[in-house]
Amino acid sequence: MLSHTLIKNLLASTTFGTEVNARGWVRTRRGNKNIAFIALNDGSTIHSIQVVAEMSKFSEDLMKKITTGCCLSVTGDLVQSHGKGQTVEIQAKQVEILGEADAETFPLQKKEHTMEFLREIAHLRPRTNTFGAVFRIRHHLAFAIHKFFNDRNFYYLHTPIITGSDAEGAGEMFHVSTLNAANPPRNPDGSVNFAEDFFGKETNLTVSGQLEGELGALALGLIYTFGPTFRAENSNTPRHLAEFWMIEPEMAFHDINDNMDLAEEMLKYLVSYVLEHGADDLQFLNDRYDKELLARLRSVTEKKFARITYTTAVDMLTTSGKTFEYPVKWGSDLQKEHETFLVEKHNAPVIITDYPREIKAFYMKQNDDGKTVRGMDILFPWIGEIIGGSQREENLEKLQQRIREMKLPEKELWWYLDTRKFGTCVHSGFGLGFERLALFVTGMSNIRDVIPFPRTPKNAEF
RNA sequence: UCCUCGGUAGCUCAGCUGGUUAGAGCAUCUGACUGUUAAUCAGAGGGUCGCUGGUUCGAGUCCAGCCCGGGGAGCCA
């Protein structure tokens, strides 16, 4: 049992006249020499509770220390509010300052701050209404992901964070080593001798749990991963992080269509879940930052996602009459401006399938036309690619052929190829960028504002 | 990484074609006000103008390099 009551429960209570204890941080304080009004927030909800303190009941010294940011324990009677703006408040009988916050140096003020400034004080920004809302929503999303998969008989598989494989081909990797960087052991030819490193070989942080996820799916049937992912790309955009979280389901006996069905159902479920369980926080974000947010979220849960092939997409772009900065050509990857056009044209999320094999990863299932593979990308408004996935090539010879064509280290993938050698089957999966989803759901404009402590080029503070 | 915009008080910004002691709003502090809702009103304090170098009688202002941040692009989730 808690010794105090969460503010979200106090605000929902109607048992007036009872003595309660609340603990939290002071958001604002108003008043005069007779009475003080303190907005107290404990993070349990976006809403603060109003504490009313009559100055005569407390020492001058104590009241002086109640400033924005300080931490209080307040005991008093829960009463109906006399004032407008709130229905309940606490008539304080005892106030204890658990932690002072010097008003001259506490950086959060009772005014709006820019996101850029708050990023510089990421240790304190969770105490703002905005970041409180964002991080509560982030929690709801994470919980809903586990619930969605658990309810559908998926098993949560933990894939490694340190990987000895660099064959995933998803960008630059962070090296993991315990060697002395200033003076590493060397081979006769001058190269670093990783045989002397901690794992006896060169290792990196994972860029994807997919390959290991496939191993799980070909045993447990339905699995998903949900863990941190690392990309050492020098990406400086509002949509990229060096450390982010990714969800990667992998399903045996599922083809590309089953894959799309699951992805669409999942996205709609997750958005609906937050609409229901994060309603207060979403309302705040909607009112404060993005008046279209709630409407946009509801529309995603209702609209059927458009499904078109890459070839159709290229046709639509070339016959659109629009001139693009980057020319549209069958065989080239779609650019941001092309994706934006397709999403706006359909006025709904768009799933694009059957990409040219040359622009996609080695593990994607090859179509009979010899030109395309069964990959799928889901494009969302503004966010762009929120999901990337495919049916996997389950045929050993075709897979080996692609590995050789792309000059990948076949030997290092022996364990992956073994799944095609022993009891292979049709299977599919996709990767969902957790922060990209959080970006869409919260309506924030920069991905650094939907993760508590963002890691980006030149920034690993906190 | 490329393009572009920016860095002046705790925060958000103004500061003209270089020219005396660098301004405002909010915040903070002091005072006023018997219930406030971003409370209100009056007053006060607060600055190495991102860093380094250069041009000049004189640089917040012009030039170069660097650092950091925003937006756009690429890479991708």
Side-chain angles (χ1 to χ4, degrees), chain A residues 27-39 47-56 64 67-69 79 81-86 89 91 101-121 129 168-172 206-210 226-248 263 288 324-326 333-337 339-340 359-361 377-380 383-389 430-440 445-451 456-459 461:
Chain A
R27 282 292 158 77
T28 65
R29 178 201 166 157
R30 297 176 290 273
N32 50 49
K33 67 179 173 189
N34 300 300
I35 193 162
F37 301 96
I38 302 157
H47 303 295
S48 298
I49 196 163
Q50 173 156 283
V51 174
V52 183
E54 285 173 42
M55 302 294 269
S56 58
K64 221 176 168 148
T67 56
T68 300
V79 297
S81 179
H82 304 190
K84 292 172 189 127
Q86 61 280 318
E89 62 190 25
Q91 202 72 44
D102 176 30
E104 301 247 20
T105 51
F106 184 65
L108 288 172
Q109 301 169 3
K110 44 183 162 185
K111 59 172 262 187
E112 285 189 48
H113 285 112
T114 60
M115 292 295 137
E116 290 81 10
F117 172 67
L118 291 171
R119 245 169 253 154
E120 290 169 13
I121 52 166
N129 288 332
E168 289 144 354
E172 290 294 306
T206 183
V207 293
S208 164
Q210 180 199 315
F226 186 1
T229 309
F230 307 87
R231 304 272 166 94
E233 295 288 349
N234 191 9
S235 296
N236 294 288
T237 85
R239 289 177 283 276
H240 289 84
L241 290 164
E243 176 184 291
F244 64 99
W245 290 66
M246 189 153 65
I247 298 97
E248 295 180 290
R288 192 58 152 307
F324 295 101
E325 191 187 335
Y326 291 85
D333 224 338
L334 298 177
Q335 303 296 314
K336 186 87 195 306
E337 56 176 346
E339 296 180 354
T340 304
I359 59 171
K360 287 293 180 183
D377 285 355
I378 302 188
L379 308 180
F380 260 39
I383 309 285
E385 187 180 343
I386 199 166
I387 277 180
F430 61 82
L432 166 69
F434 185 58
E435 282 76 16
R436 290 211 176 151
L437 177 65
L439 203 51
F440 178 76
S445 50
N446 192 309
I447 203 164
R448 296 161 200 209
D449 299 328
V450 298
I451 187 167
T456 51
K458 308 290 183 203
N459 182 13
E461 193 71 53

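Note on naming: letters A, B, ... go to the chains in the order of the sequence lines (proteins, then strands), and numbering restarts at 1 for each one.
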Subject >> C1' atoms of B:C76 and B:G65, separation to the nearest Å >> reply: 33 Å
Original post:
Contact class for A:His82 vs. all strands (heavy atom < 4.0 Å): base, sugar-phosphate, or nothing?
Top reply: base
**OP:** Could you check whether A:Ser81 gets within reach of a base, just the sugar-phosphate, or nothing at all, counting any heavy atom under 4.0 Å?
**Re:** base
**OP:** Determine the interatomic distance between C1' on B:G46 and the same-named atom on B:U8; round to the nearest Å.
**Re:** 14 Å
**OP:** Would you kindly check whether a donor in the side chain of A:Glu112 faces an acceptor in the base of B:U12, or vice versa, at under 3.5 angstrom?
**Re:** no
Original post:
Under the 3.5 Å rule, do the base of B:C76 and the side chain of A:Ser235 count as making a donor-acceptor pair?
Top reply: no
**OP:** Give the nucleotide from the list B:G72, B:U36, B:A77 with an atom nearest to the side chain of A:Phe244.
**Re:** B:A77
Original post:
Nearest-Å distance, CD1 (A:Ile378) to P (B:C76)?
Top reply: 18 Å
Subject >> Base-paired stems in RNA chain B, each at least three Watson-Crick or G-U pairs under 3.5 Å >> reply: B:1-7 with B:67-73, B:10-13 with B:23-26, B:28-32 with B:40-44, B:50-54 with B:62-66
**OP:** Taking only the side-chain heavy atoms of A:Lys458 (C-beta and beyond), determine which of B:C11, B:G69, B:A73 contains the nearest atom.
**Re:** B:G69
**OP:** Taking atom P in both B:G47 and B:G23, compute the distance separating them and give it to the nearest angstrom.
**Re:** 13 Å
Original post:
When all nucleic acid strands are considered with a 4.0 Å heavy-atom cut-off, which category describes A:Ile386: base, sugar-phosphate, or nothing?
Top reply: sugar-phosphate
Original post:
Using a cut-off of less than 4.0 Å, is there contact between a side-chain N or O of A:Asn446 and OP1 or OP2 of B:G71?
Top reply: yes
Original post:
Does A:Glu120 have any salt bridge (charged side-chain N to carboxylate O under 4.0 Å, His left out) partners at least two apart in sequence or in another chain, and if so, which?
Top reply: none
Original post:
How many angstroms lie between CZ in A:Phe106 and CD1 in A:Ile121, if you round to the nearest 0.5 Å?
Top reply: 7.5 Å
**OP:** Provide, to the nearest angstrom, the distance between the CG atom belonging to A:Asn236 and the P atom belonging to B:G74.
**Re:** 14 Å
**OP:** Looking at every strand, decide which applies to A:Ile247 at a 4.0 Å heavy-atom threshold: base, sugar-phosphate, or nothing.
**Re:** nothing
**OP:** Go through the N and O atoms of the side chain of A:Arg436 and the base of B:C76, and report whether any donor-acceptor pair is under 3.5 Å.
**Re:** yes
Subject >> Set of residues satisfying side chain to side chain donor-acceptor pair (under 3.5 Å) with respect to A:His113, sequence neighbours excluded >> reply: none
Subject >> Integer angstrom distance from the C1' of B:G50 to that of B:U40 >> reply: 38 Å
**OP:** Decide if atom CD of A:Glu116 counts as having more than 12 heavy atoms of other residues, nucleotides or ligands within a radius under 6.0 Å.
**Re:** yes
Subject >> Listed partners of A:Tyr326 passing side-chain contact (heavy atoms from CB on, under 4.5 Å), at least two apart >> reply: A:Gln335, A:Glu337, A:His338
**OP:** Could you pick out which residue, A:Gly433 or A:Asn34, lies toward the 5' side of RNA chain B when each is mapped onto its nearest nucleotide?
**Re:** A:Asn34
**OP:** Using a 4.0 Å heavy-atom cut-off across all strands, classify A:Gly83 as base, sugar-phosphate, or nothing.
**Re:** base
Original post:
Whole Å only: how far is the CG atom of A:Asn459 from the C1' atom of B:G70?
Top reply: 14 Å
Original post:
In whole angstrom, what separates A:Phe117's CZ from B:G70's P?
Top reply: 15 Å
Original post:
In whole Å, what separates the C1' atom of B:A9 from that of B:G15?
Top reply: 14 Å
**OP:** For residues A:Leu439 and A:Pro238, report the shortest heavy-atom separation together with the two atoms involved.
**Re:** CD2-O, 3.9 Å
Original post:
Checking A:Ser81 side chain against A:Glu89 main chain: does a donor-acceptor pair fall under 3.5 Å?
Top reply: no
Original post:
Taking A:Phe244 as the fixed residue, which of A:Val450, A:Thr229, A:Ile451 is the one that meets the side-chain contact (heavy atoms from CB on, under 4.5 Å) rule?
Top reply: A:Thr229
**OP:** Tell me what A:Phe106 touches on the nucleic acid: a base, only sugar-phosphate, or nothing, going by heavy atoms under 4.0 Å.
**Re:** nothing
Original post:
So does A:Gln109 reach the base of B:G10 with its side chain, donor to acceptor, closer than 3.5 Å?
Top reply: yes
Original post:
The side chain of A:Thr114 lies closest to which of these nucleotides: B:A77, B:G72, B:U12?
Top reply: B:U12
Original post:
Hey, does the side chain of A:Arg239 reach the backbone of A:Arg436 with a donor-acceptor pair shorter than 3.5 angstrom?
Top reply: no
Original post:
Does the B:U34 base have a donor-acceptor partner in the side chain of A:Glu54 within less than 3.5 Å?
Top reply: no
Subject >> Atom pair distance, as rounded to whole Å: CD in A:Glu337 and P in B:A73 >> reply: 9 Å
**OP:** May I ask you to evaluate whether A:Arg29 reaches the phosphate of B:U37, defined as a side-chain N or O under 4.0 Å from OP1 or OP2?
**Re:** no
**OP:** Calculate the interatomic distance between A:Gln210 atom CD and B:C76 atom P; express it in whole Å.
**Re:** 14 Å
Original post:
Can you tell me if the side-chain N/O atoms of A:Arg119 get under 4.0 Å from OP1 or OP2 in B:G70?
Top reply: yes
Original post:
Ignoring hydrogens and angles, does a donor from either the side chain of A:His240 or the base of B:C76 sit under 3.5 Å from an acceptor on the other?
Top reply: yes
**OP:** Spell out protein contact along nucleotides 28-33 of chain B as letters: B when the base is contacted, S when just the sugar-phosphate is, - when no protein heavy atom is under 4.0 Å; keep the 5' to 3' order.
**Re:** SSS--B
Original post:
For A:Glu248, what residues pass the salt bridge (charged side-chain N to carboxylate O under 4.0 Å, His left out) criterion, not counting sequence neighbours?
Top reply: none
Original post:
What integer number of Å spans the P atoms of B:G53 and B:C49?
Top reply: 14 Å
**OP:** State whether A:Arg30 places a side-chain N or O below 4.0 Å from either non-bridging phosphate oxygen (OP1 or OP2) of B:A39.
**Re:** yes
Original post:
Got a donor-acceptor contact below 3.5 angstrom from the A:Glu233 side chain to the A:Glu172 backbone?
Top reply: yes
**OP:** Check the geometry between A:Phe434 and B:A77 and answer yes if their rings are stacked (centres below 5.5 Å, planes below 30°), otherwise no.
**Re:** no
**OP:** Take atom CZ of A:Arg448 and atom P of B:C68, then tell me their distance rounded to the nearest Å.
**Re:** 12 Å
**OP:** Just call it for A:Glu435: base, sugar-phosphate, or nothing, with non-hydrogen atoms closer than 4.0 Å on any strand.
**Re:** nothing
**OP:** Under 4.0 Å between any heavy atoms, over every strand shown, what does A:Gln335 touch: base, sugar-phosphate, or nothing? Just pick one.
**Re:** sugar-phosphate
Subject >> Base of B:G35 paired with side chain of A:Glu89 (donor-acceptor, under 3.5 Å) >> reply: yes
Subject >> Same-atom distance (C1') from B:U56 to B:A64, integer angstrom >> reply: 16 Å
Subject >> From CG (A:Asn446) to CZ (A:Arg448), nearest 0.5 Å >> reply: 5.5 Å
**OP:** Take atom P in B:C16 and the same atom in B:G7, then report the distance between them in whole Å.
**Re:** 12 Å
Original post:
Would you find a donor on one side and an acceptor on the other, under 3.5 Å apart, between the side chain of A:Asn234 and the backbone of A:Asn236?
Top reply: no
**OP:** Rounded off to whole Å, could you give me the CD-to-P distance for the A:Glu233 and B:G74 pair?
**Re:** 14 Å
